[in-house]
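This report refers to the structure that appears directly beneath it.
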Protein chains: 2
Amino acid sequence: MPQRRPAVTRISDAVAADLEARILEGSLKPGDRLPAERELSVELGVSRPSLREAIQKLVSRGMLTTRHGGGTFVTDRLEAPFVDPWQQMLDGHPTLQADLLEFRHMLEGQAAFLAAERATDADIKRLDAAFESLGKFYDDEDFDHCIDADVAFHQAIAEAAHNVLIGHVTASLLRVIHGHISRNLEHLYARPQRWSKLQAQHHAVWKAIREHKPDEAAKAARAHIEFVMQSMADTAKEEARRHIARRRLGEAAS
Amino acid sequence: MPQRRPAVTRISDAVAADLEARILEGSLKPGDRLPAERELSVELGVSRPSLREAIQKLVSRGMLTTRHGGGTFVTDRLEAPFVDPWQQMLDGHPTLQADLLEFRHMLEGQAAFLAAERATDADIKRLDAAFESLGKFYDDEDFDHCIDADVAFHQAIAEAAHNVLIGHVTASLLRVIHGHISRNLEHLYARPQRWSKLQAQHHAVWKAIREHKPDEAAKAARAHIEFVMQSMADTAKEEARRHIARRRLGEAAS
DNA sequence: GAGGTCAAGTGGTAAGACCAATCGTGCCGG
DNA sequence: CCGGCACGATTGGTCTTACCACTTGACCTC
């Protein structure tokens, strides 16, 4: 048996598992405050550093939150049991956003090119369906499904490229950014004129692929990503402005 | 105020973000061993417990693994999501080879382009070393190390592109195909004239990156892959011919 | 030369102390 | 009597020190 991991005698892991069990079992409900660290450490029969390491693990998993001087609390949203490391990194390191878009610029451009060359009738059919539902969900203001449809549209293009690697890597990337988009959707979907531009770009890619014009498809797909890049940059600038303004107000008030 | 989290001065978080950044940036590669905790703590200017809490966070996210008495290592899990699905496919279905080369045609072309734009002196240095050892190992007819050097050369280009995703995906691909190359190396390395062409192509990419000429670098990198594609196709044809010939002999004998 | 043994180095755990943020309480002034 | 303010108890955050358990590799013995 290659996977021999039962005998790991790491206290912090055992404590973390214990606390996790208490939360899942229900004896620690969301919003509850844990006993003080000093108190809890003697109750569990471990030292405070060990207990702290266990707590930090659960904090990094989003199950607990600590407030300096306040206490340690169970997070009220335990709907996020699993977090993708890539996704967490995206939140923590905004520079990754640029790398990601740059990568998509290459990947989706090539995918659109190949899709225009190789798409079969079945591929076109799926593309049509994805494009149609994309517009419908937006009209219904059902933004959750709208994002799903957006992802499905891009995935349909990737699969129409008939390259296994492009398909899988695109799927991986889209899965990673799906959650990210969900939280930042107001940046892209809030203003109607932005949406109409996005949809126009989607339409351009879709049309070029349908008409089997590889160069146009690639160009349109890249233009789409470039627009998103520009949008993100503008949003970041605007946020920076607001942030500075807020800080100035704070200074004036003090 | 919904998102008030700017003033949280938690050292363990800062240290965790620092280590995370090092991993993403590439200065800590998957499989690498971190410095000892006592050593790293003084280097970062924090106490050992704080460093340990940070490490535990990353461990709980699967980015690091610790071995009691051994050390702390960077997990290769980051690349796993990209590799897992098609890791085993490649060996069984040689048709994927075409997809793979097509993907590399895009990926390494873009990597060379960005590398020519962004390579620092340190990147150039690594590139020089890889290129040099590539020639040396071939002269020594040490083909195993020759492949390693080849992989290292392409990886150095990918890292010089200064894009986290390009770096990781390239690493994944190269790792996957490493074994594949080993078995098929005679197709590419056997005949001296083929080798000299390959090395000339490597030299072209290397030179274009050194001289910071993005378009030339991308073109050279793509030409390299196209040559490999052509080589593989020729080899496949030749093998098919031989296979048919052998079958004819078999039929004649029966 | 092959084997085992031991020491150095590593992560794992513990205890105690102090700092900083929070929050409740009680005092004081209105 | 009520409200605001300051103080202190409580709590998480950090550091220091020390010791234990495991791994590794070099040295020594056979």
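Here is how names work: the chains are called A, B, and so on, in the same order as the sequence lines, proteins then strands, and each is numbered from 1.
When the P atom of C:dG12 is taken as reference, atom CD of A:Gln56 falls 16 Å away, rounded to whole Å. Atoms CG (B:Leu51) and C1' (C:dG12) sit 13 Å apart, rounded to a whole Å. When rounded to the nearest whole Å, the span between CG of A:Asp13 and C1' of C:dG12 equals 11 Å. Rounded to whole Å, atom P of C:dT22 lies 19 Å from atom CG of A:Leu34. As a whole-Å value, the separation of A:Leu64 CG from D:dG12 C1' is 13 Å. The distance between atom CD of B:Glu37 and atom P of D:dT23, rounded to the nearest whole Å, is 16 Å. One atom, CG of A:Leu40, and another, P of D:dT10, lie 18 Å apart when rounded to the nearest Å. If you take CD1 of B:Ile55 and P of C:dT10, they are 13 Å apart, rounded to a whole angstrom.
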message: Between B:Asp121 and B:Lys125, is the salt bridge (charged side-chain N to carboxylate O under 4.0 Å, His left out) condition met? List the steps.
response: CA-CA 6 Å; B:Asp121 290 345; B:Lys125 217 167 185 175; over 6 Å; no
task: Any chance you could lay out the side chain to side chain donor-acceptor pair (under 3.5 Å) test for B:His202 and B:Gln199, step after step, and finish with the verdict?
output: CA-CA 5 Å; B:His202 284 152; B:Gln199 190 64 340; 3.3 Å; yes
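Nearer the 5' end of DNA chain C, as judged by each residue's closest nucleotide, is the contact made by B:Arg33, out of A:Gly69 and B:Arg33. With the nearest nucleotide of DNA chain C identified for both A:His68 and A:Ser12, A:Ser12 has the one nearer the 5' end. Two residues, B:Gly45 and A:Gly70, neighbour DNA chain D, and the one matched to the more 5' nucleotide by heavy-atom proximity is A:Gly70.
Within the structure, a side-chain polar atom (N or O) of B:Thr66 is placed less than 4.0 Å from OP1 or OP2 of C:dG12. For D:dG13, the OP1/OP2 oxygens have no side-chain nitrogen or oxygen of B:Ser50 closer than 4.0 Å. Note on A:Arg52: a side-chain N or O is less than 4.0 Å away from OP1 or OP2 of D:dG13. Within the structure, every side-chain polar atom (N or O) of A:Arg48 is placed at least 4.0 Å from both OP1 and OP2 of D:dG13. Residue B:Arg10 has a polar side-chain atom (N or O) positioned under 4.0 Å from OP1 or OP2 of D:dG13. One finds no side-chain N or O of A:Ser47 lying less than 4.0 angstrom from the OP1 or OP2 phosphate oxygen of C:dA15.
A donor-acceptor contact under 3.5 Å links the side chain of A:Arg38 to the base of D:dG12.
A donor atom on one side chain and an acceptor atom on the other are found under 3.5 Å apart for B:Thr120 and B:Asp123. Side-chain contact of A:Glu226 with A:Gln230: a donor-acceptor pair under 3.5 Å is absent, judged by distance alone.
Among the nucleotides C:dG11, C:dA14, C:dG12, the one closest to any side-chain atom of B:Ala36 is C:dG11.
The existence of a salt bridge linking B:Glu53 and B:Arg10 is excluded, since no basic side-chain nitrogen approaches an acidic carboxylate oxygen closer than 4.0 Å.
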